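A short write-up of the structure that comes next.
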Amino acid sequence: MVGHHFVQQLVSQQGDSKNVDITVLSGEDRLAYDRVQLSSFFKGKSEDDLALTSSKTYQDWQVSFHTHSKVVDINRDAKKVTTSKGESFAYDKLILATGSFAFVPPIPGKEREHCLVYRTINDLHAIKKSAQGSKVGVVIGGGLLGLEAANALKQLGLQTHVIEFAPQLMGVQIDSAGGRLLKNKITELGVTVHTSVATEQIIEGKNSRYKMCFKGGQTLETDMIVFSAGIRPYDNLAREFNLELGERGGIVINNHCQTSDKNIYAIGECALWNNFIFGLVAPGYAMAKVAAGHVLKQLSSSTASDTPLNNNSNNTDEFSGADMSTKLKLMGVEVGSIGDAHARSEGAISYYFEDQPNGIYKKVVTNEQGNKLIGAVLVGDTSEYDNLLQYHLNSIELSVPAESLIMPLAGDTGELSADDLPSDAIICACHKVTKHTIEHAVMQGCSDLSDVQQATKASTGCGGCEKLVQSVISSALNNKIATLIPVDEPVSQSA
């Protein structure tokens with residue numbers, strides 16, 4: 001996804017000049033597709049529905065592409081790469097957008113036929129095939145991807161279990177109270193959740209294909225096992241050809257997304273920026289935009305810097321980190337996580353609301369002064385997510401008590417309107433679309449969500465910002481009408 005976004009950015013930033021030859025080498029058997037929506041494959045979406053581009057689009061963009069073309073060699077001196085097919089390609093600038101791979105814990109028996117991973121479209125086909133002869137399925141991993149995989153198994157009609165080593169589900173995104181409620185809600189939906197469980201080995205089963213043996217003597221029989229216990233950066237090329245790596249992996253990049261070789265860039269989940277790997281698509285898209293701009297600048301300049309890892313440049317077109325807030329729906333359960341969800345900042349203050357009968361848990365975190373929102377957790381109801389996110393992203397001072405942001409019937413809930421947001425407020429995090437950009441699109445003639453999506457790409461990523469985008473459009477349309485019709489001029493009936 002991030003590699004394709006880089007191509008989009010390179011094409012759009014070039015404009016009509018088309019003076020850069022672009023070649024895409026895909027190790028998979030297809031061009032880019034939407035990994036975020038993989039679970040929709042089991043709801044009836046096809047491979048074409050998930051595709052982000054096509055052969056025709058790349059041909060129209062004059063982009064050369066090769067599938068089944070995994071790069072196996074980088075000759076940095078000759079500036080040439082070689083694929084597993086033996087084909088060689090010269091480059092001026094090389095962009096590594098190799099992403100990540102599914103981590104499979106070193107459990108004896110993990111190599112068995114129906115032990116699979118949940119990562120690619122081909123993995124989905126393998127899961128679907130295995131499910132045809134299975135009754136029970138187990139997912140190892142209770143994070144975001146693990147719960148998506150569990151949802152897939154449930155939709156395939158399997159009796160489904162989730163095995164999580166940690167004491168709660170989604171421990172990265174939500175706190176323990178939110179994790180407890182999430183577990184209860186998923187259990188109510190028919191998925192059995194086992195937390196604080198460590199798998200020691202996988203052996204032949206008596207009533208099912210396999211038997212999972214856990215630390216402490218417990219066992220569970222299953223016909224299929226899907227590993228979704230986290231990801232690891234796909235940094236093997238950097239490792240093999242002497243690019244700088246982080247202590248725990250990841251290709252070290254600077255603020256321009258350059259690696260330790262100034263002619264090689266890394267973007268997305270394979271890249272390590274300030275010792276951090278971003279596992280969401282929005283930061284990857286931000287990297288792609290920065291890298292594309294820098295590549296074009298470097299190719300048009302004969303004074304490229306020989307110190308690619310200097311992060312102290314004053315260039316404003318740099319990657320400077322990304323917000324990791326996220327909103328999603330897992331098996332119909334709404335979950336939202338914003339900023340410092342675990343209240344780890346010094347002096348952080350937390351406010352909680354829990355409605356057990358309706359399965360709703362909410363928490364907001366403020367700074368020590370209580371006037372800035374720095375984090376939030378929402379489980380069961382994410383209706384306040386967009387409002388809370390804008391308070392957080394734009395550091396807007398709270399005009400109401402923090403608890404009123406999540407308490408029902410609390411009077412003034414401090415809900416922000418589009419007019420309350422600054423012009424540079426990020427409305428769409430995936431594509432970094434600001435309020436001003438949307439307003440400008442409306443002034444240029446866009447009149448509805450579809451027009452704005454086409455013009456700005458707002459809400460075409462994860463789609464979580466659609467309601468807020470619509471709010472900005474409505475406000476901009478009202479302002480446009482007010483501008484066109486003078487206040488002191490009567491409006492005719494036909495108008």
Side-chain angles (χ1 to χ4, degrees), residues 1-2 28 32-43 45 50 98-105 107 110 114-128 130-131 137-156 158 160-174 178-179 182-183 185-186 189 191-195 197 199 222 224-234 249-250 268-270 277-284 324-337 341 379 430 461-464:
M1 295 179 73
V2 173
E28 291 190 60
Y33 54 91
D34 191 348
R35 294 188 194 274
V36 174
Q37 302 294 333
L38 278 184
S39 60
S40 66
F41 179 80
F42 298 102
K43 298 176 185 176
K45 279 198 173 183
L50 292 172
T98 48
S100 58
F101 61 92
F103 169 66
V104 178
I107 300 170
K110 64 181 175 60
H114 295 272
C115 293
L116 309 168
V117 295
Y118 181 85
R119 191 67 185 159
T120 68
I121 284 181
N122 289 339
D123 293 335
L124 303 186
H125 284 297
I127 290 170
K128 198 171 184 178
S130 177
V138 168
V139 176
I140 295 182
L144 169 58
L145 291 178
L147 295 181
E148 285 192 359
N151 189 33
L153 297 191
K154 187 172 182 296
Q155 289 172 342
L156 289 169
L158 274 63
T160 305
H161 297 256
V162 173
I163 306 297
E164 171 55 48
F165 176 75
Q168 72 162 87
L169 299 175
M170 288 186 66
V172 174
Q173 290 87 2
I174 60 179
L182 180 61
K183 177 181 177 181
K185 291 181 79 70
I186 288 177
L189 293 171
V191 174
T192 305
V193 178
H194 312 259
T195 53
V197 172
T199 308
T222 183
M224 180 204 305
I225 299 171
V226 177
F227 290 98
S228 188
I231 57 173
R232 296 292 184 270
Y234 214 127
E269 291 177 337
C270 67
I277 289 176
F278 295 89
L280 297 176
V281 70
M324 296 294 284
S325 301
T326 185
K327 179 175 69 171
L328 53 139
K329 185 177 284 190
L330 296 164
M331 302 184 205
V333 181
E334 296 180 357
V335 179
S337 173
V379 179
C430 289
C462 70

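All figures in this text were calculated on a predicted structure; none of them were measured in a lab.
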Atom of Ile174, atom of Gly336 and distance for their closest heavy-atom approach: CG2-O, 4.3 Å

Minimum heavy-atom distance Pro233-Ile277, with the two atoms named: CG-CD1, 3.6 Å

Parallel, tilted or perpendicular: ring planes of Tyr234 versus Phe101, cut at 30 and 60 degrees: perpendicular

Separation between NZ of Lys183 and CE of Met170, rounded to the nearest 0.5 Å: 15.5 Å

Minimal non-hydrogen separation, Met1 against Tyr33, with atom names: CG-O, 3.2 Å

Whether Tyr118 and Phe42 hold their rings parallel, tilted or perpendicular, with breakpoints at 30° and 60°: parallel

Where Leu116 and Ser130 come nearest, the two heavy atoms and their spacing: CD1-CB, 3.9 Å

Separation between CE of Met324 and CG of Leu280, rounded to the nearest 0.5 Å: 4.0 Å

Exercise: identify the closest heavy-atom pair between Val193 and Ile186: CG2-CG2, 4.0 Å

Distance in Å, Glu148 CD paired with Leu144 CG, rounded so as to fall on 0.5 Å steps: 5.0 Å

Val139/Leu147 under side chain to side chain contact (heavy atoms under 4.5 Å, CB included): CA gap, chis, key distance, verdict: CA-CA 8 Å; Val139 176; Leu147 295 181; over 6 Å; no

Main-chain N/O of Leu189 paired with Lys154 side-chain donor or acceptor, under 3.5 Å: yes

Steps toward side chain to side chain contact (heavy atoms under 4.5 Å, CB included) verdict (Leu50, Gln37): CA-CA 7 Å; Leu50 292 172; Gln37 302 294 333; 3.9 Å; yes

Interatomic distance, Gln168 atom CD to Leu182 atom CG [nearest 0.5 angstrom]: 9.0 Å

Distance, nearest 0.5 Å, that separates CG of Asn151 from OG1 of Thr160: 9.0 Å

Distance (rounded to the nearest 0.5 Å) between Thr192 OG1 and His161 NE2: 4.5 Å

Any donor-acceptor pair under 3.5 Å from Asp123 side chain to Thr120 backbone: yes

Option passing side chain to side chain contact (heavy atoms under 4.5 Å, CB included) with Ile140 (candidates Val104, Ile225, Val197): Ile225

From CA spacing to verdict: side chain to side chain contact (heavy atoms under 4.5 Å, CB included), Val281, Arg35: CA-CA 9 Å; Val281 70; Arg35 294 188 194 274; over 6 Å; no

Distance-only side-chain donor-acceptor flag, Ser100 / Glu269, under 3.5 Å: yes

Closest non-hydrogen atom pair between Val162 and Leu169, with its separation: CG1-CD2, 4.3 Å

Chi angles and distances behind the side chain to side chain contact (heavy atoms under 4.5 Å, CB included) call for Val335, Gln173: CA-CA 9 Å; Val335 179; Gln173 290 87 2; 5.8 Å; no

Side-chain donor or acceptor of Ser40 paired with backbone N/O of Lys43 under 3.5 Å: no

